[in-house]
Undergrad: 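Supplied in structure tokens, the structure appears directly below.
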Amino acid sequence: MEFSDKELNIFNEMMKVVKRYPDFKKYELRMESSLQIPGLEIYPDRRKIYRDRMEIRLTAKEFDILCLLAANCGRVLTYTQIYQEVWGDYVQDIENNTIGYHICNLKEKLFAASPCSSFHIRCVRNVGYCFETTMEE
């Protein structure tokens, strides 16, 4: 999306006014969405994850990977897709080890928080990973 010079000038003037009033932000309505998975609550806006109301502490990359996988539940994401979404670039031949390292740590933390969870991260050999949930009977 591109602005015309006139639109850009109007926008810049509006931003000058907003910046003069630092309390203006407190009037902003917050629409906090969460991703609910049985036994897991993910709050992307707060960058927090809970299991039974207990926070699971993750690194920034672990959090980003979990959000990406959970948002694409049931879909296999390739190493390249994960790397490009989480790191924002592409480096050939090292992404598998980098992602594997973070997934391993992520799985350990999720298992420690919930050994009998209804979700897991499945490795698809030489392809990528898939976040899956199991139906409780």
Undergrad: With a 3.5 Å distance limit and no angle check, can you tell me whether E13 reaches the backbone of I10 through a side-chain donor-acceptor pair?
TA: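 No, because the side chain of E13 does not come within donor-acceptor range (under 3.5 Å) of the backbone of I10.
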Undergrad: Within this structure, what is the CG-CD1 distance for the pair L40 and I49, rounded to the nearest 0.5 Å?
TA: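 Taking CG in L40 and CD1 in I49, the distance rounds to 6.0 Å.
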Undergrad: Are the side chains of L35 and C67 in contact, using a 4.5 Å heavy-atom criterion?
TA: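 They are not in contact (no side-chain heavy atoms under 4.5 Å apart), so the answer is no.
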Undergrad: Decide yes or no for K48 and F63: does some side-chain heavy atom of the first lie under 4.5 Å from some side-chain heavy atom of the second?
TA: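 The answer is no, as the side chains (C-beta and beyond) never meet within the 4.5 Å cut-off.
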Undergrad: Check whether any side-chain heavy atom of Y101 lies under 4.5 Å from a side-chain heavy atom of N97, and answer yes or no.
TA: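 Side chain of Y101 against side chain of N97, heavy atoms only: no contact under 4.5 Å found.
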Undergrad: Set out, in order, the CA-CA distance, both residues' side-chain angles and the distance that settles side-chain hydrogen bond (donor to acceptor under 3.5 Å, both in side chains) for E132 and H120, then state yes or no.
TA: CA-CA 5 Å; E132 297 176 330; H120 69 281; 3.1 Å; yes
Undergrad: So how far is it from L58 CG to N105 CG, rounded to the nearest 0.5 Å?
TA: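 Reported to 0.5 Å precision, the distance equals 10.0 Å.
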Undergrad: With a 4.5 Å limit on heavy-atom distance, are the side chains of K109 and E62 in contact?
TA: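 Heavy-atom side-chain distance check passes, below 4.5 Å.
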Undergrad: Does any part of the side chain of T59, heavy atoms only, come nearer than 4.5 Å to the side chain of L106, both counted from C-beta?
TA: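 No, too far: nothing below the 4.5 Å cut-off.
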Undergrad: By the side-chain hydrogen bond (donor to acceptor under 3.5 Å, both in side chains) test, which pairs, at least two apart or in different chains, include something from residues 64-75?
TA: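 Counting only pairs at least two positions apart or across chains, the side-chain hydrogen bond (donor to acceptor under 3.5 Å, both in side chains) contacts touching residues 64-75 are R47-D64, N72-R75.
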Undergrad: Once rounded to the nearest 0.5 Å, what's the spacing between atom SG of C104 and atom CD1 of I99?
TA: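 The SG atom of C104 sits 14.0 Å away from the CD1 atom of I99.
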Undergrad: Treat each ILVMFWY residue as a node, draw an edge where side-chain heavy atoms are under 4.5 Å apart, and state whether L66 and V76 are in one component.
TA: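 The answer is no; the residues belong to distinct hydrophobic clusters.
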Undergrad: Say you draw a straight line from OG1 of T98 to CD1 of I103; how long is it, rounded to the nearest 0.5 Å?
TA: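 It is 11.5 Å, given to the nearest 0.5 Å.
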Undergrad: We want to know whether Y43 and E41 form a side-chain donor-acceptor pair, criterion being a heavy-atom distance below 3.5 angstrom.
TA: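 Checked: Y43/E41 side chains pair up, N/O donor to acceptor below 3.5 Å.
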Undergrad: May I ask you to check if R53 and Y50 form a cation-pi contact, with NZ or CZ under 6.0 angstrom from the six-membered ring centre and within 45° of the axis?
TA: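 Checked: cation-pi criterion not met.
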Undergrad: Might you point out which heavy atoms bring L68 and E85 nearest each other, and give the distance in Å?
TA: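 Looks like CD2-CB, 3.7 Å.
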Undergrad: For residues 124-131, run the donor-acceptor check on the side chains, cut-off 3.5 Å, and write out each pair with its distance to 0.1 Å, sequence neighbours left out.
TA:
none

Undergrad: Can I121 be reached from I82 by stepping across I, L, V, M, F, W or Y side chains whose heavy atoms are under 4.5 Å apart?
TA: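 Yes; tracing contacts between hydrophobic side chains, which count when under 4.5 Å, links both residues.
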